[in-house]
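Step one of this worksheet: look at the structure below.
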Amino acid sequence: MFRTPARLYRVLAIAEAITWTLLIGGLIARAVGAPGIVVTIAGGIHGFVFLSYGATAILVAFNQRWSIGLGILAVVSAIVPYATIPMEIWLHRKGRLGGYWRLEASDHPQDHTWYDRTMRWFLNHAWLLVVLIAVAVIALYVILLIIGPPGGK
């Protein structure tokens, strides 16, 4: 399903925008009299997808050898409602999402670093990578829930 970094990034960028719509809709619904649980549910979904998008942006940035600044910009784009979609379009047009997952070493000097070897190993064991990322996202999500929602209760 996600044979390329571009495909995975696009799906999460669109999902992030959709959950912004849920959250904004929930806030509007609460403002006109709907129960507060609407925002709690929409906010929870949005928060989980936000963290998933961030993890995906980091993985894709690493695979595509983006600069640290570009990787940060991709993650930060999720803070602005709907900004992940123009970010994805821009990255695609600039050729920053081209290519496949780097499953084998090439002649590129970075391919011989410990972190690239580690990334290739995990990409070649994709189910383990997915499980580890999911566990990390869920753990961070739970920690953030314990701390409390943005803006306080």
Side-chain angles (χ1 to χ4, degrees), residues 1-102 115-116 118-153:
M1 181 174 184
F2 300 117
R3 296 199 182 271
T4 66
R7 179 101 169 139
L8 177 63
Y9 188 87
R10 174 172 284 166
V11 167
L12 269 293
I14 292 169
E16 169 62 10
I18 290 169
T19 63
W20 265 115
T21 303
L22 290 174
L23 180 57
I24 292 167
L27 290 167
I28 292 169
R30 182 180 67 185
V32 296
I37 191 74
V38 174
V39 175
T40 302
I41 293 169
I45 293 168
H46 172 70
F48 187 80
V49 173
F50 173 86
L51 294 174
S52 299
Y53 168 81
T56 298
I58 292 167
L59 177 65
V60 171
F62 193 63
N63 185 78
Q64 301 300 98
R65 295 190 176 109
W66 295 347
S67 68
I68 291 172
L70 184 56
I72 290 170
L73 182 62
V75 172
V76 169
S77 71
I79 294 171
V80 178
Y82 307 108
T84 56
I85 291 176
M87 183 71 186
E88 187 276 333
I89 292 168
W90 180 78
L91 288 167
H92 182 75
R93 287 183 181 165
K94 292 294 183 182
R96 300 296 187 123
L97 291 172
Y100 294 91
W101 295 108
R102 292 189 295 115
Y115 47 86
D116 262 36
T118 303
M119 182 191 69
R120 280 194 308 277
W121 187 89
F122 275 110
L123 287 173
N124 280 301
H125 300 88
W127 287 108
L128 179 58
L129 178 61
V130 168
V131 167
L132 287 176
I133 290 173
V135 167
V137 166
I138 291 167
L140 184 55
Y141 182 77
V142 168
I143 290 167
L144 291 172
L145 282 177
I146 291 168
I147 292 171
K153 292 184 177 188

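Nothing fancy with the numbering, it's 1 onward along the sequence. Every value quoted in this text rests on a predicted model; they were computed, and no experiment measured them. Atoms considered below: every heavy atom in the structure, side chains included; atoms not considered: hydrogens, waters and symmetry mates.
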(Q) Could you tell me if the side chain of T84 sits less than 4.5 Å from the side chain of E88, heavy atoms only? (A) no
Q) Angle class for the F48/Y141 ring planes (parallel below 30°, perpendicular above 60°, tilted otherwise)? A) perpendicular
**Q.** Closest contact, heavy atoms only, G54 versus V75
**A.** O-CG2, 4.0 Å
Q) Does the N63 side chain pair with the main chain of L59, one donor and one acceptor, at a distance under 3.5 Å? A) no
Q | Residue pair F2 / L8: nearest heavy atoms and the distance that separates them | A | CD2-CA, 3.5 Å
Q. Can you name the closest pair of heavy atoms from I85 and A17 and give their distance?
A. CD1-CB, 3.5 Å
Q: To the nearest 0.5 angstrom, please state how far the CG atom of L144 sits from the CD1 atom of I146.
A: 9.5 Å
Q. N124 versus L129: any side-chain heavy-atom pair under 4.5 Å?
A. no
Q. Any sub-3.5 Å donor-acceptor pair from T19's side-chain atoms to L22's backbone N or O?
A. no
(Q) Can you list everything that forms a side chain to side chain donor-acceptor pair (under 3.5 Å) with R96? Sequence neighbours excluded, please. (A) none
(Q) Could you report the tightest heavy-atom contact between P5 and Q64, atom names first, then the distance? (A) CG-OE1, 3.4 Å
(Q) Do I79 and V76 make a side-chain contact, defined as non-hydrogen atoms from C-beta onward lying under 4.5 Å apart? (A) yes
Q: Measure the CE-CG distance between M87 and L97 for me, rounded to the nearest 0.5 Å.
A: 8.5 Å
Q: Report the residues that fulfil side chain to side chain donor-acceptor pair (under 3.5 Å) with Y53, sequence neighbours left out, ordered by chain and then residue number.
A: Y9, S77
**Q.** Pairwise distance CG(L91) to CG(L70) - rounded to 0.5 angstrom
**A.** 5.5 Å
Q) Would Y82 and I24 satisfy side chain to side chain contact (heavy atoms under 4.5 Å, CB included), going step by step from the backbone distance to the final call? A) CA-CA 11 Å; Y82 307 108; I24 292 167; 4.0 Å; yes
(Q) Between W20 and A78 (side chain of the first, backbone of the second, donor and acceptor by atom type, cut-off under 3.5 Å), is there such a pair? (A) yes
Q) W101 side chain to R120 main-chain N or O, any donor-acceptor pair under 3.5 Å? A) no
**Q.** Approximate separation, where rounding is to 0.5 Å, of I45 CD1 and I18 CD1
**A.** 11.5 Å
**Q.** Atom pair CD1/CD1 of I143 and I138 - distance to nearest 0.5 Å
**A.** 12.0 Å
Q: Kindly indicate, with the supporting measurements, whether the criterion side chain to side chain contact (heavy atoms under 4.5 Å, CB included) is fulfilled by W121 and L128.
A: CA-CA 10 Å; W121 187 89; L128 179 58; 3.6 Å; yes
(Q) If you define the side chain from C-beta out and look only at heavy atoms, does anything of E16 sit under 4.5 Å from H46? (A) yes
Q. Does the side chain of L27 come within less than 4.5 Å of V38's, by heavy atoms?
A. no
Q | Y115 side, atom OH; M119 side, atom CE - distance, nearest 0.5 Å | A | 10.5 Å
Q. Are any non-hydrogen side-chain atoms of L73 and W66 less than 4.5 angstrom apart?
A. no
